[in-house]
Amino acid sequence: DALAARIGGHALALDICASDAPAKLLEGLPQGIDIVVHNAGITRDKTLANMTPEYWDAVMAVNLKAPQVLTQALLDAGQLHDNARIVLLASVSGIAGNRGQANYAASKAGLIGFAQAWAPKLGAHGISINAVAPGFIETHMTAAMPMGLREAGRRLSSLGQGGRPQDVAEAVAWLAQPGTGAVSG
């Protein structure tokens, strides 16, 4: 709320998986929107043999279904402006997988496919859609991982280190600029 107010905006808090989320989103954006960043994501890690349907469904609902449903609602209502920018936060797990994260990897691969499939459809309106697939990023979430896994994640990077949230934010900010419309899908 404080950041939004400081930059002349307003915050809209809603459960993105609720059945009324599209309606609440549209109500909260009466003038429409130019930039959408779908960055909500959860993990419910288990090996596939131990994965419960509830874990699978929760990750798919937040990470994949909500961005699709909310983007479709914005488009259908005409509240996604021409030349808008949509950025989806995927993951390198969506490209290469990760042991114990079949649901997470599938949801993030789905976001990459979503960007590729929707790019031509949105391109007719000058709207770009892209997925950013970061590798290991040093966050509170990754700090909770066992040290060996964190170190392995760091070593997978060509620089041998974890990224910072700011690194991802810079990539997202670049894709959200007006001059990046030729990059889509």
Side-chain angles (χ1 to χ4, degrees), residues 1-44 56-95 103-134 137 139 141 165-185:
D1 288 340
L3 173 61
R6 195 171 76 228
I7 61 174
H10 70 279
L12 176 63
L14 59 97
D15 176 352
I16 61 171
C17 295
S19 60
D20 65 347
K24 285 186 175 181
L25 179 64
L26 297 173
E27 179 184 313
L29 299 169
Q31 273 77 43
I33 193 162
D34 294 309
I35 301 168
V36 178
V37 179
H38 289 291
N39 66 331
I42 62 169
T43 59
R44 299 291 183 268
W56 183 274
D57 294 345
V59 169
M60 289 298 168
V62 172
N63 297 4
L64 182 58
K65 185 178 179 187
Q68 292 173 338
V69 168
L70 297 176
T71 301
Q72 185 69 59
L74 288 166
L75 188 62
D76 290 349
Q79 286 183 290
L80 193 56
H81 295 158
D82 285 351
N83 302 306
R85 303 288 176 255
I86 302 169
V87 183
L88 308 160
L89 263 293
S91 168
V92 72
S93 294
I95 298 168
N103 54 355
Y104 182 78
S107 71
K108 296 303 183 172
L111 288 176
I112 294 166
F114 177 44
Q116 292 171 336
W118 276 46
K121 173 183 180 178
L122 296 173
H125 302 280
I127 299 169
S128 70
I129 182 168
N130 291 287
V132 175
I137 305 297
T139 65
M141 184 174 82
Q166 181 179 340
D167 300 332
V168 179
E170 294 285 342
V172 170
W174 183 81
L175 288 167
Q177 293 180 43
T180 60
V183 179
S184 191

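Note that the coordinates shown come from a computational prediction; the quantities given were computed from them, not determined experimentally.
With sequence neighbours excluded, the residues that form a side chain to side chain contact (heavy atoms under 4.5 Å, CB included) with Leu12 are Leu14, Leu25. With sequence neighbours left out, Ile7 forms a side chain to side chain contact (heavy atoms under 4.5 Å, CB included) with Leu3. Considering only residues two or more places apart in sequence or on other chains, Thr139 meets the side chain to side chain contact (heavy atoms under 4.5 Å, CB included) condition with Ile137, Met141, Thr142, Pro165. The side chain to side chain contact (heavy atoms under 4.5 Å, CB included) search around Ala18 returns Asp15, Asp20, not counting sequence neighbours.
Each side-chain hydrogen bond (donor to acceptor under 3.5 Å, both in side chains) pair with one or both residues in residues 60-69, not counting sequence neighbours, appears once here: Asn63-Ser107. Residue pairs meeting the salt bridge (Lys or Arg N to Asp or Glu O under 4.0 Å) criterion with at least one member in residues 165-185, sequence neighbours excluded, are Arg164-Asp167. Here side-chain hydrogen bond (donor to acceptor under 3.5 Å, both in side chains) pairs that include residues 175-185, with residues two or more places apart or in two chains, number zero.
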Show the atom names and distances, to 0.1 Å, of all donor-acceptor pairs under 3.5 Å that link a side chain in residues 33-44 to residues at least two apart or in another chain.
from	atom 1	to	atom 2	distance (Å)
Asp34	OD1	His81	ND1	2.8
His38	NE2	Thr71	OG1	2.8

Just list the side-chain donor-acceptor pairs under 3.5 Å for residues 108-131, sequence neighbours left out, or say none.
from	atom 1	to	atom 2	distance (Å)
Lys108	NZ	Leu89	O	2.8
Asn130	OD1	Gly185	N	3.3
Asn130	ND2	Val183	O	2.8

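Distance CE/Met60 to SG/Cys17: 12.5 Å, rounded to 0.5 Å.
Here the side chains of Leu88 and Val132 are not in contact, with every heavy-atom distance at 4.5 Å or above. Two residues are said to be in side-chain contact when any heavy atoms from C-beta on lie closer than 4.5 Å; Asn83 and Pro178 fail this criterion. Residues Ile16 and Val69 form no side-chain contact, since every pair of their non-hydrogen atoms from C-beta on lies 4.5 Å or further apart.
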